[in-house]
Undergrad: 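Submitted below is the structure of interest, expressed as structure tokens.
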Amino acid sequence: MGDLNLYNTRTRALERFVPLRERQVRIYVCGLTPSAQAHLGHARSFLFFDLLRRLLTHLGYAVTYVQNVTDIDDRSINRARETGEDWYAIVSGYYADFKSAMRRLGVMEPDAEPYATKFIPQIQAMIRALIERGHAYAVEDGIYYRVSSFPDYGKLSNRNVEELQAGARIDVDEHKDDPLDFALWKFAKPGEPKWAFEPYGDGRPGWHIECSAMSHALLDPEGVGFDIHGGGADLIFPHHENEIAQSEPLMAHPPMANVWLHGGLLNFDGRKMSKSLGNFEPLTDLLARHDPQAVRLTFLPTGYSKVMNFTEESLAASNVTLARLKKTYRRLATVEAREPAADARVLLPKVEAALCNDMNTAVALAELLSWAPEPSAHARYEFERALWLLGIEPTPAWLEEPKLELPSDLTARLQSELGDELALDGVAPEEAIARAIAHRTAARANKDWAASDRLRDALARCGIAIKDSKEGTTWTVAG
RNA sequence: GGCGACGUAGCCAAGUGGUAAGGCAGGGCUCUGCAAAAGCCCCAUUCGGCAGUUCGAAUCUGCCCGUCGCCUCCA
């Protein structure tokens with residue numbers, strides 16, 4: 001199997017991936033801030049990291065995947081104040097919805113899912129260390145990170161501090177020394193959730209410090225760095241820049257993460273799908289309208305790092321593609337799945353090669369779709385393995401022909417279509433269809449094509465599609 | 001203003017120096033009494049525009065046009 005190459009934001013280059021520890025990969029991905037409903041854009045990002053996990057696992061690595069939950073932030077506190085609800089009830093509700101959407105999409109569970117409010121001691125320890133080393137200072141409203149104390153600030157996002165300062169401004173209620181300085185700890189105003197922090201003052205952590213503290217606690221207690229840090233492209237600045245500024249001065253051997261991976265954002269109507277713009281359909285609603293596997297499939301033709309425009313048309317195309325995959329699966333279902341020798345494989349090596357080339361899912365999917373399987377044991381093995389790598393896992397329902405609900409008033413409708421040609425006597429819909437088909441079969445035997453077509457058209461107007469074959473006539477509910 | 005991404009068929013898109021993947025839509029054929037289903041086949045002399053480098057450019061360079069993102073909470 002070839003090398004895995006990934007585009008590293010930190011070095012701005014495509015690099016061969018080499019884990020820091022033999023056969024082991026540690027990944028930290030910035031998770032959700034559940035202060036509002038999650039949308040498809042969030043899903044795109046997490047779906048990508050799910051595929052990366054699958055590939056790394058397939059390549060034989062032991063993967064540790066950590067994805068945090070920012071369960072405390074200004075937005076949820078503000079919402080609580082406006083609605084009178086408990087802020088934690090808001091956050092828990094949105095997060096539960098998100099988790100269930102992820103399950104429906106077939107995203108693997110993280111190995112650890114740290115909540116910011118469960119890591120307050122670790123966060124405070126890091127803030128203390130930063131203050132001791134002159135990287136942070138406390139003022140009236142909170143504790144801030146002093147950006148000027150970290151010479152590498154701006155390296156990840158390719159920005160220079162002078163230009164940033166020119167464009168930045170300090171909000172009236174902030175008391176920091178420099179516009180670029182950011183909050184590590186916010187002192188609580190009356191009624192706000194708070195945690196004790198001696199001797200500085202009760203309050204809550206800032207967003208950036210939680211990721212530094214939790215990735216350190218869970219992936220890199222030695223301070224020598226972990227393998228992959230990921231998130232959406234909108235997190236590069238300032239979030240990831242700030243994480244580096246917080247973590248690296250305290251580390252024995254920077255960098256904080258060897259590879260930084262960023263997923264491209266999702267547009268809707270040509271604009272970034274986002275909470276603030278409000279141009280999105282909640283993930284939960286979208287998944288109620290569409291097959292989650294088709295939703296997953298929709299992301300595969302576009303490179304993960306590129307901006308992608310979401311349309312209902314692309315989803316419709318995915319539904320067709322999914323039906324094709326199911327059909328192939330059904331054709332192969334009767335053969336035994338047996339792992340072929342490495343040199344006998346015809347599909348998997350192509351899929352692997354595509355994914356190893358900076359996660360080129362478009363080519364991987366194209367290989368799968370243009371591959372015409374011979375129904376053999378190893379074809380089934382390779383097909384199922386390829387599907388798993390692309391995150392589309394067959395379910396028992398894949399084995400069934402698609403069946404839709406019969407309209408309840410079908411007998412009556414069919415009777416009115418047929419008039420006195422055939423008496424249906426208000427029988428069950430299935431029986432009514434069977435009688436109509438039997439009547440048509442008799443007409444066909446007499447080469448009475450007019451009667452035959454009349455019956456077929458009547459059934460069609462009732463939403464029943466007919467298929468003639470050597471074995472007889474079958475019907476399905478038209479989609 | 002700074003930094004960055006993108007512009008490939010009707011639509012979604014892959015391809016980053018060697019002569020345009022794949023999907024959707026569309027069209028044709030086989031089969032069929034006719035259909036349906038299935039299978040097979042066709043569908044960009046051309047990659048936003050102009051100039052340049054090169055034996056060779058969608059791919060590299062320069063300029064121009066257009067779209068979007070980050071620079072403030074955001075996957």
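Computed from a predicted structure; not experimentally measured. Labels below follow one simple rule: chain letters A, B, ... track the order of the sequence lines, proteins then strands, and each chain is numbered from 1. All values below come from the heavy atoms of this structure, side chains included, with hydrogens, waters and symmetry mates left out.
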Undergrad: Take atom P in rC34(B) and the same atom in rA14(B), then report the distance between them in whole Å.
TA: 44 Å
Undergrad: Looking only at atom C1', what distance separates rA37(B) and rA44(B), rounded to whole Å?
TA: 31 Å
Undergrad: rG48(B) and rC24(B): how far apart are their P atoms, nearest whole angstrom?
TA: 25 Å
Undergrad: Touch check for Ile236(A), heavy atoms < 4.0 angstrom, all strands: base, sugar-phosphate only, or nothing?
TA: nothing
Undergrad: Between Phe46(A) and Phe98(A), is the ring centre distance below 6.0 Å?
TA: yes
Undergrad: Can you list every pair that meets side chain to side chain donor-acceptor pair (under 3.5 Å) and has a residue in residues 383-392 of chain A, with sequence neighbours left out?
TA: His58(A)-Arg385(A), Arg380(A)-Glu384(A)
Undergrad: Determine the Euclidean distance between corresponding P atoms of rG28(B) and rA36(B); express it in Å to zero decimal places.
TA: 11 Å
Undergrad: Under 4.0 Å from any atom of RNA chain B, heavy atoms only: list the residues of residues 29-39 of chain A that qualify, in numerical order.
TA: Gly31(A), Thr33(A), His39(A)
Undergrad: Rounded to the nearest angstrom, tell me the gap between atom CZ in Phe237(A) and atom P in rA5(B).
TA: 18 Å
Undergrad: Mind checking salt bridge (charged side-chain N to carboxylate O under 4.0 Å, His left out) for Arg12(A) and listing every partner two or more places apart, or none if nothing turns up?
TA: none
Undergrad: Run the salt-bridge test on Asp457(A) and Arg461(A) with the 4.0 Å N-O cut-off and return the result as yes or no.
TA: no
Undergrad: Dot-bracket for RNA chain B, please. Rules: Watson-Crick or G-U, both distances under 3.5 Å, ( ) within the strand, [ ] when a pair crosses earlier ones, | for another strand, . otherwise.
TA: ((((((((.[[[..)..(...]]].(((((.......))))).....[[[[[..)....]]]]])))))))....
Undergrad: Please give the distance between the P atoms of rU59(B) and rA9(B) as a whole number of Å.
TA: 15 Å
Undergrad: Only pairs at least two apart or in different chains count here, so list each side chain to side chain donor-acceptor pair (under 3.5 Å) that has a residue in residues 442-451 of chain A.
TA: none
Undergrad: Quick one: which of rG23(B), rC3(B), rA75(B) gets closest to the side chain of Asn158(A)?
TA: rC3(B)
Undergrad: Could Glu281(A) and Arg289(A) be called an ion pair, given the rule that one side-chain N must be under 4.0 Å from one carboxylate O?
TA: yes
Undergrad: In whole Å, what is the span from the CG atom of Leu156(A) to the P atom of rC70(B)?
TA: 16 Å
Undergrad: Please tell me which of Ala317(A) and Leu265(A) maps to the more 5' nucleotide of RNA chain B, matching each residue to the nucleotide holding its nearest heavy atom.
TA: Ala317(A)
Undergrad: Does the protein touch nucleotides 7-15 of chain B at the base, only the backbone, or not at all? Give it as B, S and - per nucleotide, heavy atoms under 4.0 Å.
TA: ------SSS
Undergrad: Has Glu312(A) got more than 12 heavy atoms of other residues, nucleotides or ligands less than 6.0 Å from its CD?
TA: yes
Undergrad: For the P atoms, the ones on rU8(B) and on rC50(B), what distance do you get once it is rounded to whole angstrom?
TA: 16 Å
Undergrad: Go through residues 65-73 of chain A and report each residue with a non-hydrogen atom lying under 4.0 Å from RNA chain B, sorted by number.
TA: none
Undergrad: Rounding to an integer number of Å, can you tell me how far Glu162(A) CD sits from rC3(B) C1'?
TA: 14 Å
Undergrad: Heavy-atom nearest nucleotide on RNA chain B for Gly232(A) versus Arg12(A): which residue maps closer to 5'?
TA: Arg12(A)
Undergrad: What is the separation between atom CG on Leu390(A) and atom P on rG23(B), rounded to the nearest whole Å?
TA: 15 Å
Undergrad: Would you indicate which nucleotide in rC68(B), rA75(B), rG2(B) comes nearest to any side-chain atom of Arg271(A)?
TA: rC68(B)
Undergrad: Show me the donor-acceptor pairs, under 3.5 Å and distance only, between side chains in residues 103-114 of chain A and residues at least two apart or in other chains.
TA:
{"from": "Arg104(A)", "atom 1": "NH1", "to": "Leu287(A)", "atom 2": "O", "distance (Å)": "3.3"}
{"from": "Arg104(A)", "atom 1": "NH2", "to": "Leu287(A)", "atom 2": "O", "distance (Å)": "3.3"}
{"from": "Glu109(A)", "atom 1": "OE1", "to": "Lys99(A)", "atom 2": "NZ", "distance (Å)": "3.2"}
{"from": "Glu109(A)", "atom 1": "OE2", "to": "Lys99(A)", "atom 2": "NZ", "distance (Å)": "3.3"}
{"from": "Asp111(A)", "atom 1": "OD2", "to": "Tyr65(A)", "atom 2": "N", "distance (Å)": "2.6"}
{"from": "Glu113(A)", "atom 1": "OE1", "to": "Lys99(A)", "atom 2": "NZ", "distance (Å)": "3.3"}
{"from": "Glu113(A)", "atom 1": "OE2", "to": "Tyr95(A)", "atom 2": "OH", "distance (Å)": "2.6"}
{"from": "Glu113(A)", "atom 1": "OE2", "to": "Lys99(A)", "atom 2": "NZ", "distance (Å)": "2.8"}

Undergrad: Once you apply a heavy-atom cut-off of 4.0 Å, does Gly263(A) come out as touching a base, just sugar-phosphate, or nothing?
TA: nothing
Undergrad: If you check every side-chain atom of Asn267(A), which of rC68(B), rG23(B), rC71(B) has the closest atom?
TA: rC68(B)
Undergrad: CG of Leu235(A) versus C1' of rA75(B): gap in Å, rounded?
TA: 6 Å
Undergrad: By nearest atom, which of the nucleotides rG22(B), rA75(B), rC73(B) is closest to the Ser370(A) side chain?
TA: rG22(B)
Undergrad: Please determine whether a side-chain nitrogen of the Lys or Arg among Arg204(A) and Asp74(A) lies less than 4.0 Å from a carboxylate oxygen of the Asp or Glu.
TA: yes
Undergrad: Does a donor on one side chain and an acceptor on the other come within less than 3.5 Å for Asn78(A) and Arg75(A)?
TA: no
Undergrad: Could you list the residues that satisfy salt bridge (charged side-chain N to carboxylate O under 4.0 Å, His left out) with Arg454(A), not counting sequence neighbours?
TA: Glu421(A)
Undergrad: Over how many whole Å does the gap from Tyr153(A) atom OH to rC71(B) atom P extend?
TA: 11 Å
Undergrad: How far, in whole Å, is rC47(B) from rA57(B) if one measures between their P atoms?
TA: 12 Å
Undergrad: Taking atom types as modelled, find out whether Gln37(A) and Thr284(A) have a side-chain donor-acceptor pair closer than 3.5 angstrom.
TA: no
Undergrad: Are a donor atom and an acceptor atom from the side chains of Glu243(A) and Trp260(A) found within less than 3.5 Å of each other?
TA: no
Undergrad: Between Asp358(A) (CG) and rA5(B) (P), how many Å, whole number?
TA: 14 Å
Undergrad: Of all residues at least two apart in sequence or in a different chain, which pass the salt bridge (charged side-chain N to carboxylate O under 4.0 Å, His left out) check with Glu248(A)?
TA: none
Undergrad: Has Lys272(A) got a side-chain N or O lying under 4.0 Å from the OP1 or OP2 atom of rC70(B)?
TA: yes
Undergrad: Which of parallel (below 30°), tilted (30 to 60°) and perpendicular (above 60°) describes His240(A) and His262(A)?
TA: tilted
Undergrad: Looking for any heavy atom pair under 4.0 Å, which part of the strands does Thr321(A) touch: base, sugar-phosphate only, or nothing?
TA: sugar-phosphate
Undergrad: Less than 4.5 Å apart, any side-chain heavy atom of Ile27(A) and any of Leu261(A)?
TA: no
Undergrad: To the nearest Å, how far apart are Tyr7(A) OH and rG4(B) P?
TA: 10 Å
Undergrad: Which nucleotides of nucleotides 26-40 of chain B have their base under 4.0 Å from a protein heavy atom (B), which only their sugar-phosphate (S), and which neither (-), written as one string 5' to 3'?
TA: -------BBBBSS--
Undergrad: If we ignore hydrogens and angles and just use 3.5 Å, is the side chain of Lys350(A) paired with the main-chain N or O of Glu367(A) as donor and acceptor?
TA: no
Undergrad: Rounding to an integer number of angstrom, what distance separates rC11(B) and rG26(B) when you compare their C1' atoms?
TA: 12 Å
Undergrad: Between Ser247(A) and Ser212(A), do the side chains contain a donor N or O and an acceptor N or O under 3.5 Å apart?
TA: yes
Undergrad: Sorted by first residue and then second, give each ring pair (Phe, Tyr, Trp, His ring centres under 6.0 Å) pair with at least one member in residues 283-321 of chain A; sequence neighbours left out.
TA: Phe48(A)-Tyr304(A)
Undergrad: Hey, does the side-chain of Arg159(A) have a donor or acceptor N/O within less than 3.5 Å of a partner on the base of rC71(B)?
TA: no
